[in-house]
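Hydrogens, waters and symmetry mates play no part in the numbers below; they use all other heavy atoms, side chains included. A, B, ... follow the sequence lines: proteins, then strands. Residue 1 opens every chain. Note that the coordinates shown come from a computational prediction; the quantities given were computed from them, not determined experimentally.
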Amino acid sequence: MTAARGRILVAVAALLVLAALPQIGITIPGLFERPLSAPGTLSLLALCFVFGALALTYDIVFGYVGLLSFGHALYFATGAYAAAIALTRWHWHLPQAILLTAVVAIVLPLVLGAVCLRMHDIPFAMVTLAFAEAGSVLVLQNPFGLTGGEEGLALGSDALPSYLVGVPNTHNLYWIALAFLVVTYAVGWWAVNSPPGRVWQAIRENERRVGVLGLNPYLYKLGAFVLSAFLASAAGVVYVLLQGGANPQITTSSFTLALLVMVVLGGVGTLWGAVLGGIVYEYLDFRLVALSNAPALQSLPAIVRVPLSEPLFILGVLFIVLVLFVPAGLGGLLRRRAAA
Amino acid sequence: MSTIVLLLITGLGLGALYFLIAAGLSLIWGLMRVLNLAHGAFFTVAAYLGWAASLTLAGTSPWVQWGVSVVVAVVAGGVFATLTEVVLIRPLYARPVGQVLVTVGVALAAIALVEGGFGSDPKQLTLPAWLNGTTSILGANIPNTRWVAILAAAIVLALLLFFLQRTRYGLIVRAGVENRSMVEALGIDVQRAFTLVFAIGGMAAGLSGVLAAAYYGTIDPVRGSSMLIFAFIVIVIGGLGSVAGSALAAVIVGVLQQFLNFYAAAGVGDFAVVLLLALVLLARPGGLTGATST
């Protein structure tokens with residue numbers, strides 16, 4: 001009990017520090033080039049928070065229910081594009097746009113999940129991948145000029161309330177991202193610890209047994225699928241606010257694979273592990289690009305320089321090593337260290 | 001009329017490329033229950049290595065260059081796939097999800113490496129003049145690359161069926177698809193069949209890669225992943241683990257895609273294929289050839 005209370009205290013303290021970050025001008029050399037309160041650093045951190053939350057939503061279906069979905073990017077993109085279309089094409093206000101996104105974010109996963117969940121295991125993975133690909137094709141085809149095709153959708157300066165626009169207001173976006181992460185974590189924690197959440201974990205361990213006990217695994221899985229997709233769409237809305245638009249990269253199958261990497265990186269089946277994985281992935285992805293342009297790297301021979309200047313190569317290899325040797329992810333490593 | 005013939009043959013050619021990817025994927029899935037996401041990387045890496053090999057022969061006859069690029073691509077696909085199986089998949093037999101994840105890592109790393117080494121822009125190919133030409137049939141001018149793709153897929157289909165039906169290893173593979181633990185209990189080394197299936201799948205994917213390069217006239221690092229997705233659709237529609245089912249589904253998917261992309265609008269065909277997948281799953285969860293639902 002005291003250990004749990006201690007952990008909560010640490011979490012609250014960490015949150016307070018994170019919330020106060022825009023007001024503190026400290027610099028962490030090596031990790032960040034600029035002070036933590038600089039807009040560039042804040043927007044990177046905010047993006048990390050959104051991906052942490054997104055990884056958490058993926059962990060609900062993958063880590064807790066055991067559903068290997070390859071279509072999670074679709075729901076993130078759904079949220080992003082629904083909000084961006086309502087804001088830019090129809091010139092709706094932000095609240096109405098969010099409301100519309102919420103409706104879409106429940107209906108779409110309900111319909112697609114109902115079809116996909118007729119399959120199990122790997123066939124389920126393939127079918128979710130196919131639907132996500134259909135979504136990606138749709139976005140690229142730019143139907144009725146809604147999605148902007150390859151260029152994506154950029155929000156105009158008048159699309160959002162003024163306190164969300166411009167470099168001086170980056171700290172507002174940072175707080176929104178942080179608050180979103182906290183809320184997503186709370187909802188996720190509540191969901192996986194609720195009675196249905198326990199059934200989800202039972203399905204992960206032995207689905208047939210859950211069926212024999214008189215529960216309908218299909219409905220529980222569909223519930224988890226819709227909840228996770230809904231939260232992912234919400235993350236998509238926050239992403240649009242941060243990035244000032246939606247871009248087709250978030251619809252691709254490689255983006256879903258990136259989500260998978262995030263969750264496995266952090267630790268499958270633990271919420272905070274997934275959040276950590278999402279944050280670390282996004283941070284590495286950003287920083288490795290900087291590394292690839294570093295002068296020290298340019299002087300190396302091509303056979304070393306070329307692989308090292310490809311962030312996805314480093315992440316892919318890191319991922320293989322983790323899967324082979326550290327199946328519990330970074331979260332598992334930290335926990336083992338704490339227990340030792 | 002000539003348009004219909006052109007679309008039909010082009011669709012068959014596209015289906016042939018899908019089949020070459022799907023056949024290996026389907027066998028790998030059927031025997032090992034591994035969803036191999038690295039298959040698109042086999043396709044891409046093989047296509048690039050074949051292209052790079054043909055560049056070193058600049059000055060020789062275009063047919064020699066192209067022939068070498070085909071051989072290099074097939075060998076490269078086979079070697080890459082075998083290494084993936086032996087080094088990365090084999091240690092994870094006890095963890096099916098781990099196997100899938102490792103193939104994700106291979107796909108990410110390999111594609112990134114290709115982008116780093118060759119750049120992300122599409123590369124133009126120099127092909128023998130005949131391959132760039134067309135053959136007239138029923139008033140339609142069909143690009144010769146379509147015929148080559150169809151012929152290659154037909155040969156691979158025949159060879160695979162012969163292998164599966166008439167050879168001892170084919171028997172083991174078929175029995176393993178049916179019931180792997182029973183085959184193991186009979187004292188047969190299934191692991192070698194695993195490696196073999198991966199090698200065959202990788203070679204077919206490599207062939208598909210080099211033929212797709214001729215089909216489209218260019219190679220780029222990302223085509224492999226979109227081809228892979230349609231190959232997944234093909235094997236689910238065709239019934240997982242069935243080579244003949246994959247062939248049938250590949251033809252349906254390729255032709256449907258071509259016709260709708262032409263007559264409706266670009267992209268509608270891709271979309272319709274996914275819709276077809278949903279319909280097939282609702283009607284027959286085991287795919288066209290599968291009797292049972294999984």
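Interface residue Val102(B): backbone and side-chain heavy atoms are both found under 4.5 Å from chain A. Contacts between Leu324(A) and chain B at a heavy-atom distance below 4.5 Å involve backbone atoms as well as side-chain atoms. Both the backbone and the side chain of Leu101(B) come within less than 4.5 Å of a heavy atom in chain A. With a 4.5 angstrom heavy-atom cutoff, Phe325(A) does not touch chain B via any of its atoms. Contacts between Leu92(B) and chain A at a heavy-atom distance below 4.5 Å involve the side chain alone, from C-beta outward. Only the side chain of Ile235(B) has a heavy atom closer than 4.5 Å to any heavy atom of chain A. Looking at Val100(B), the atoms closer than 4.5 Å to chain A (heavy atoms on both sides) all sit in the side chain, from C-beta outward. Looking at Phe319(A), the atoms closer than 4.5 Å to chain B (heavy atoms on both sides) all sit in the side chain, from C-beta outward. Proximity to chain B is absent for every atom of Val321(A), based on heavy atoms less than 4.5 angstrom apart. When heavy atoms are compared at a cutoff of 4.5 Å, Ala125(A) approaches chain B solely by way of its side chain, counted from C-beta outward. Proximity to chain B is limited to the side chain of Val137(A), based on heavy atoms less than 4.5 angstrom apart. Both the backbone and the side chain of Leu88(B) come within contact range of chain A, with heavy atoms under 4.5 Å apart. For a residue to count as touching a neighbouring chain, one of its non-hydrogen atoms must lie under 4.5 Å from one of that chain's; by this rule Leu37(B) touches chain A with the side chain only.
Residue Glu310(A) holds its CD atom at 11.0 Å from CD1 of Ile111(B), rounded to the nearest 0.5 Å. In this structure, OG on Ser136(A) lies 7.5 Å from CD1 on Ile229(B), to the nearest 0.5 angstrom. We find the CG-CD1 distance between Leu108(B) and Ile320(A) to be 8.5 Å, quoted to the nearest 0.5 Å. The distance from atom CG of Leu138(A) to atom CZ of Phe271(B), rounded to the nearest 0.5 Å, is 5.0 Å. The line from CG of Leu228(B) to CE of Met126(A) is 9.5 Å long, rounded to the nearest 0.5 Å.
Inter-residue side-chain proximity for Val127(A) and Phe232(B) is flagged as unmet; no heavy-atom pair is nearer than 4.5 Å.
Contact count versus chain A (heavy atoms, under 4.5 Å) is highest, among Leu275(B), Val222(B), Val34(B), Leu35(B), for Leu35(B).
Annotation for Phe286(A): atom CZ does not count as buried by contact number, only 12 or fewer foreign heavy atoms lying within 6.0 Å. A 6.0 Å sphere centred on CD of Glu151(A) holds no more than 12 heavy atoms belonging to other residues, nucleotides or ligands.
Summarising the geometry of Arg95(B) relative to Val323(A), their closest heavy-atom pair is NH2-O, 2.8 Å, with the distance given to 0.1 Å.
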